[in-house]
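Letters go in sequence order (proteins before strands), and every chain restarts at 1.
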Amino acid sequence: MAKIMLKLPKLAVSMQEGTLREWFVESGTQVTLGQPIYALETEKTTVEVESPFEGTFTCIGEVGQTYKVGDPIAEIVQ
Amino acid sequence: MSDQAFPNALPQVTALSIYKTMIRIEACDQRIQQLLAAGALQFQYYPCGGQEAIPASIAPLLNEGDQVVTTYRGVHDIVAKGTPMAEIIGEMMGKVNGTSKGKGGAMHLSDPNAGVMVTTGIVGAGMPIANGLALAAKLKGTGRVVVVNFGEGASNIGAFNESINMAALWDLPVVFLCQNNAYAEYTSFADSTRSKSIAGRAAGYGLVGETVDGTDPDAIHSAAKVAIERARSGKGPTLLECNAYRLQGHSFGSEEDHMDQEELAEARANPPIAKFRAALIDRGDATAADLDAIEADAKAEVEDAVEQSMAADMPSEDELYIDVFANTADVPYVGTPDNKAEPDLSDREVQTITMCQAITEALDLALEKDPDVFLLGEDIADPAGGVTKATVGLSTKHGEDRVRATPISEQAIIGAAIGASLSGMKPVPEIMINDFTMVCMDQIANHAAKLRYMSGGRTSVPITIRTVTAGNIGNFAAQHSQSLEAFFTHTPGIKVVAPSTAADAKGLLLAAIADPDPVMVIEPMRCYYVPAEVPEGYYEIPLGKAAVRREGKDVTLISYGWAAVEAAAAAEALAEDGIEAEVIDLRSLVPLDLSTCLESVKKTGRCVIAHAAVEFGGFGAELAAKLSEELHGELKAPIKRIGGSYTPVPFTPSLESLHFLNADKIKNVASQIAG
Ligand SMILES: Cc1ncc(C[n+]2csc(CCOP(=O)(O)OP(=O)(O)O)c2C)c(N)n1
């Protein structure tokens with residue numbers, strides 16, 4: 001059983017932080033590869049972050065909070 | 001199937017194999033970006049979208065033994081050459097299953113098993129090294145071909161000029177593959193040159209140049225076929241330019257605003273993979289279902305690689321110093337150089353020759369002993385025999401293949417040496433004067449010194465760079481007199497040797513040539529033409545073993561290179577004043593014989609470090625700091641340094657003599673603390 005930590009991604013070279021706007025999935029649910037998992041607002045736009053794996057999803061971040069690139073946001077257990 | 005209706009089309013088997021490689025490249029490239037976008041991975045990534053057809057179309061033309069050199073934007077080249085997917089993805093994740101145990105990373109994948117010899121993050125730097133790989137192929141008659149990939153931006157770097165000139169001159173079996181993706185970071189092709197094409201430049205250098213559509217496998221394959229056959233049959237290099245528009249910004253997440261939006265949209269609407277897929281179906285080479293199956297297989301292959309890599313470990317702490325050198329004991333302060341004992345030369349015949357002649361003799365012996373040894377450098381062949389005359393007679397005896405005069409191209413000289421060493425040869429490049437090493441610093445410091453580490457020990461660079469310092473011989477002035485050893489001791493991965501006697505110059509040089517790591521030997525011209533006693537025959541003076549030239553109890557003088565001669569003279573003068581100085585000649589700075597220094601300074605409690613190089617920021621500063629740290633409380637006086645003044649080396653004798661140290665100055669400093 002592998003645990004995969006999803007961190008706040010660096011989507012632009014100058015990006016330092018981003019705000020978690022909305023969860024599209026709840027903790028404890030199964031996600032599939034490519035499924036949108038949360039909305040991330042950056043300096044420039046808001047993007048849908050997609051799940052990079054399938055597995056059981058756990059939310060770590062909180063909606064409305066601003067996080068630094070690399071901060072833990074969610075976890076997937078395969 | 002495709003012959004009549006599609007006269008230029010590739011045979012079906014080849015076409016499908018190219019398509020499969022393109023799809024495997026895309027699957028890998030896309031998956032990496034997906035992981036980056038989700039925050040499962042984080043590193044600087046340079047996507048290859050739009051350029052997949054280039055290496056995929058060339059791959060069927062290359063043999064297993066053929067070699068590739070590529071860049072940070074090289075995942076397509078690496079997948080196509082056959083590196084296992086898990087090793088690629090593992091390396092990008094920094095895991096031990098990666099090509100370099102995670103020590104090189106995404107920009108430095110190397111996999112000699114598949115012929116991926118170097119992946120460089122320095123624009124343009126792969127070309128000189130590719131020449132060296134090709135030179136080794138030619139000298140050893142392996143029939144190997146080398147393909148070096150670079151961008152159109154890299155074609156404006158000096159190394160490009162030096163490399164294509166040398167390759168053409170020597171008819172090297174190399175294909176210079178310019179992947180022209182229309183942008184170099186944020187700069188468009190049109191904003192970087194007045195050349196209409198990169199291939200057009202070839203004519204000026206006397207090699208063939210050709211430009212093809214880099215999104216069209218049929219065109220790439222047929223042009224590459226000619227180029228590779230030309231190389232393989234000994235007819236020399238080709239500059240092949242493949243135009244393939246970059247389908248995204250420079251790196252993952254970087255802006256695209258600077259790109260021509262219309263062109264970008266057009267290129268994206270018709271990407272090479274979709275275009276080729278349609279053509280294959282159209283030609284009747286495959287059905288949509290066949291191609292879907294290829295895509296599914298590629299995704300599964302990548303997924304398997306991702307899983308293996310996620311499960312793999314990151315390297316443990318003990319990996320940090322491994323692969324700096326072949327033997328970790330040579331890493332300063334980490335190990336104690338466990339060198340062989342000083343050779344017993346007591347029963348050797350002794351001859352009286354100069355340091356220069358001793359060096360010639362060492363080179364002659366090395367060439368005789370090992371067929372993989374060869375020399376290269378400016379003017380080194382007869383009748384010149386080098387400007388310092390250190391190679392006189394050698395090309396006559398060993399031939400001009402092995403004692404190779406080069407164009408004035410320092411980057412190409414060092415690159416050729418590096419590349420040949422990656423193929424198992426033991427090149428001895430000469431950089432005429434120490435000051436000129438700065439012209440090829442990238443090859444020395446970013447490549448020779450780092451390739452073993454960046455490849456996790458998969459490759460190594462056993463080259464011996466010989467260079468002369470012309471300091472303090474009068475009138476050589478600011479650009480021909482420097483002692484630049486501190487640049488190199490500050491560069492992990494390269495050993496630095498500085499002899500002061502003719503006998504040492506011979507034995508250290510032979511040890512350097514036999515050594516598995518890159519070594520820079522800085523020969524002092526001030527000592528070059530002074531006759532001295534030199535044992536006959538082959539012997540090695542181990543690197544990392546200092547010589548105690550004189551024993552004494554009052555003060556330790558530590559030195560190397562020509563300054564060591566001054567230190568010895570200072571010790572004699574001090575003895576007349578009743579001060580017994582111990583004189584240590586380091587002989588090699590990396591590896592460093594710290595224990596001999598510690599032992600001596602512990603005994604005397606006083607130390608002067610003397611070197612020809614500028615005192616400020618010099619190697620003496622490092623050694624003084626280390627000795628002070630280790631011997632704090634046992635010292636009877638602060639450790640003193642004496643080196644060159646913080647000035648460029650002046651021309652006029654009245655100032656030059658102020659700049660450089662001499663025996664008198666060393667004596668004065670020693671007297672201050674020991675008097
Ligand atoms: C010597 C050097 N200068 C600058 C850089 C920064 N840099 C990295 S990629 C790049 C653009 C290179 O463009 P090109 O050679 O066309 O290759 P591409 O990135 O398009 O594949 C630059 C300037 C570098 N890595 N090395």
Side-chain angles (χ1 to χ4, degrees), chain A residues 1-25 31-61 65-78, chain B residues 26-47 72-73 86 89-90 92-95 97 105-107 121 183 185-186 248-259 295-296 298-314:
Chain A
M1 218 175 43
K3 248 192 212 173
I4 299 136
M5 182 65 72
L6 302 188
K7 300 175 179 167
L8 193 88
K10 194 174 178 75
L11 300 177
V13 177
S14 59
M15 177 172 160
Q16 298 295 315
E17 55 180 33
T19 305
L20 204 173
R21 275 293 159 225
E22 186 187 349
W23 286 117
F24 300 134
V25 288
V31 291
T32 56
L33 178 66
Q35 180 180 343
I37 47 180
Y38 69 95
L40 170 62
E41 184 183 319
T42 69
E43 232 176 34
K44 288 189 184 146
T45 57
T46 300
V47 295
E48 289 187 356
V49 175
E50 296 175 357
S51 175
F53 292 100
E54 55 180 36
T56 312
F57 192 79
T58 308
C59 305
I60 296 177
Q65 282 281 343
T66 298
Y67 294 97
K68 288 201 176 69
V69 167
D71 283 351
I73 302 295
E75 195 176 71
I76 295 176
V77 177
Q78 282 189 308
Chain B
E26 185 189 41
C28 178
D29 180 56
Q30 294 289 317
R31 187 67 174 116
I32 291 161
Q33 294 187 73
Q34 190 177 34
L35 291 165
L36 290 168
L41 286 183
Q42 197 178 90
F43 60 88
Q44 193 70 5
Y45 181 67
Y46 303 89
Y72 48 90
R73 193 189 313 287
I89 290 179
M92 296 200 174
M93 293 187 183
K95 300 292 188 73
N97 71 322
M107 271 199 268
Y183 287 90
E185 282 187 349
Y186 297 93
Q248 58 282 307
H250 171 64
S251 62
F252 174 79
S254 73
E255 315 86 311
E256 297 167 355
D257 315 349
H258 60 287
M259 299 176 74
E295 281 152 38
K299 281 199 172 139
E301 181 192 3
V302 169
E303 222 32 55
D304 187 45
V306 169
E307 254 167 52
Q308 281 182 48
S309 303
M310 296 291 288
D313 289 326
M314 289 199 170

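When heavy atoms are compared at a cutoff of 4.5 Å, L11(A) approaches chain B by way of both its backbone and its side chain. Both the backbone and the side chain of S254(B) come within less than 4.5 Å of a heavy atom of chain A. Only the side chain of V49(A) comes within less than 4.5 Å of a heavy atom in chain B; its backbone stays farther off.
At least one side-chain heavy atom of L40(A) sits under 4.5 Å from a side-chain heavy atom of P9(A).
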Checklist entry - Could you go step by step and tell me if I37(A) and L6(A) meet the side-chain contact (heavy atoms from CB on, under 4.5 Å) rule? => result CA-CA 11 Å; I37(A) 47 180; L6(A) 302 188; 3.6 Å; yes
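Considering only residues two or more places apart in sequence or on other chains, Y46(B) meets the ring-ring contact (aromatic ring centres under 6.0 Å, His included) condition with Y72(B), H250(B).
No donor-acceptor pair closer than 3.5 Å links the side chain of T46(A) to the backbone N or O of E41(A). In this structure, K95(B) contributes its side chain and S309(B) its backbone to a donor-acceptor pair below 3.5 Å.
Contact residues of residues 26-35 of chain B toward chain A are R31(B), Q34(B), L35(B) (heavy-atom distance under 4.5 Å).
Within 6.0 Å of atom CD in E256(B), more than 12 heavy atoms from other residues, nucleotides or ligands are found, so the atom counts as buried in its surroundings.
Among V31(A), I4(A), I76(A), the single residue meeting the side-chain contact (heavy atoms from CB on, under 4.5 Å) criterion with P52(A) is I76(A).
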